[in-house]
Amino acid sequence: MSKNPYATYAANSINTASREELVLMLYEGSIKYLNQSIIALERNDYLKTNEHVKRVQDIVRELQSTLNYDYAVSKDFFDLYDYINRKLVSGNITKNIDDFNEALLLLRDFRDMWKDAMHKAKTEK
């Protein structure tokens, strides 16, 4: 019985990751799947576009569900995630790549901000 080494590595990465690293993985995954959505849309492969967009939406919902409302900024994050989701829905329905690109830009900004915060937290310890 052979296992896929990549799948084993991925599972180990997830199982041993800190909470902060898991959030970073979510951002990375959302960017990866949205890029795949854009490529599929450019190829007029609407089935693949939809499959990838649904994965991004799942990740965005997960990010929303992990927000800590003890902090006022969480409401702003929730609203931005909601905006991203609306762009994903709009782009998926209208086949408008600009909606996907706007969502992608926001997700990249979130990822970069999260990476900076992780780095800052490490250096402050």
Side-chain angles (χ1 to χ4, degrees):
M1 182 160 82
S2 77
K3 282 191 164 190
N4 177 341
Y6 177 76
T8 302
Y9 172 79
N12 286 337
S13 295
I14 292 168
N15 291 333
T16 60
S18 68
R19 183 180 187 286
E20 293 80 11
E21 291 167 330
L22 288 172
V23 172
L24 182 59
M25 287 179 190
L26 288 172
Y27 285 127
E28 294 288 356
S30 68
I31 291 165
K32 176 182 117 179
Y33 290 119
L34 191 47
N35 278 323
Q36 290 174 345
S37 299
I38 291 168
I39 291 167
L41 182 59
E42 289 170 339
R43 294 179 179 162
N44 296 320
D45 187 344
Y46 303 129
L47 181 62
K48 283 287 184 200
T49 301
N50 185 54
E51 288 173 10
H52 296 307
V53 167
K54 288 189 329 189
R55 293 189 85 165
V56 178
Q57 288 176 298
D58 288 343
I59 292 170
V60 170
R61 278 192 292 275
E62 182 64 25
L63 289 165
Q64 281 180 305
S65 73
T66 62
L67 291 171
N68 181 346
Y69 289 96
D70 292 339
Y71 303 98
V73 72
S74 294
K75 171 71 171 109
D76 296 331
F77 275 65
F78 184 91
D79 291 344
L80 283 167
Y81 290 142
D82 190 55
Y83 180 77
I84 290 169
N85 192 51
R86 284 186 275 129
K87 284 296 179 182
L88 295 171
V89 170
S90 174
N92 204 16
I93 291 171
T94 64
K95 310 304 181 222
N96 183 349
I97 205 162
D98 291 337
D99 287 333
F100 289 162
N101 283 326
E102 187 173 350
L104 184 60
L105 179 66
L106 289 168
L107 288 167
R108 284 181 178 153
D109 285 347
F110 270 113
R111 184 220 29 217
D112 294 346
M113 181 177 52
W114 188 256
K115 274 184 171 178
D116 289 345
M118 286 176 63
H119 178 71
K120 188 174 183 177
K122 274 186 183 177
T123 57
E124 289 178 358
K125 284 186 178 181

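Side chains are part of it too, since the values below use all heavy atoms of this structure and drop only hydrogens, waters and symmetry mates.
Not one N or O on the side chain of S74 forms a donor-acceptor pair closer than 3.5 Å with the backbone of L67. Under a 3.5 Å cut-off, the side chain of S65 and the backbone N or O of E62 do form a donor-acceptor pair.
When all heavy atoms of I38 and N101 are compared, the closest pair comes out as CD1-OD1, 3.4 Å. When every heavy atom of L88 is checked against every heavy atom of A103, the shortest pair comes out as CD2-CB, 4.1 Å. The two residues E20 and W114 have their closest heavy-atom pair at O-NE1, 2.9 Å. What you find for I59 and L26 is that their closest heavy atoms are CG2-O, 3.3 Å.
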| task | Under the salt bridge (charged side-chain N to carboxylate O under 4.0 Å, His left out) rule, what do R55 and D58 come out as? Steps first, then yes or no, please. | result | CA-CA 5 Å; R55 293 189 85 165; D58 288 343; over 6 Å; no
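I39 is not connected to L34 by any chain of hydrophobic side-chain contacts under 4.5 Å among Ile, Leu, Val, Met, Phe, Trp and Tyr, and they are in different clusters. Under the 4.5 Å side-chain contact rule for hydrophobic residues, V60 and M25 do not share a cluster. Cluster membership check: I84 does not share its hydrophobic cluster with L105, using side-chain heavy-atom separations under 4.5 Å among Ile, Leu, Val, Met, Phe, Trp and Tyr. Note: the hydrophobic cluster containing V89 does not contain F78 (ILVMFWY, side chain heavy atoms under 4.5 Å, direct or indirect links). No path of Ile, Leu, Val, Met, Phe, Trp and Tyr side chains, each step under 4.5 Å between heavy atoms, connects L47 with V53, placing them in separate hydrophobic clusters.
Sorted by first and then second residue, the ring-ring contact (aromatic ring centres under 6.0 Å, His included) pairs with a member in residues 29-72 form an empty list; sequence neighbours excluded. The salt bridge (charged side-chain N to carboxylate O under 4.0 Å, His left out) analysis of residues 75-85, with sequence neighbours excluded, yields the pairs K75-D79, D82-R86.
More than 12 heavy atoms of other residues, nucleotides or ligands shown are found within 6.0 angstrom of CZ on R111. K54 NZ: 12 or fewer foreign heavy atoms inside a 6.0 Å radius.
The CZ atom of R19 sits 13.0 Å away from the CG atom of L24 when rounded to the nearest 0.5 Å. The distance from the CZ atom of R108 to the CD atom of E28 is 10.5 Å, given to the nearest 0.5 Å. The line from CG of L80 to CG of N85 is 12.5 Å long, rounded to the nearest 0.5 Å. With values rounded to the nearest 0.5 angstrom, S37 atom OG is found 7.5 Å from N92 atom CG. Separation of atoms CG (L107) and CD (E102) is listed at 11.0 Å; rounding is to 0.5 Å. Note that CE of M118 is 5.5 Å distant from OG of S18, once rounded to the nearest 0.5 Å.
Counting only heavy atoms from C-beta outward, the side chains of F110 and L63 never approach each other to under 4.5 Å. Considering only heavy atoms from C-beta on, L106 stays 4.5 Å or farther from Y81 through its side chain. With a 4.5 Å cut-off on side-chain heavy atoms, K95 and T49 do not count as touching. Side-chain contact between T66 and L22 is absent, with no heavy-atom pair separated by less than 4.5 Å.
By the 4.0 Å N-to-carboxylate-O rule, D112 lies too far from K115 to be salt-bridged with it.
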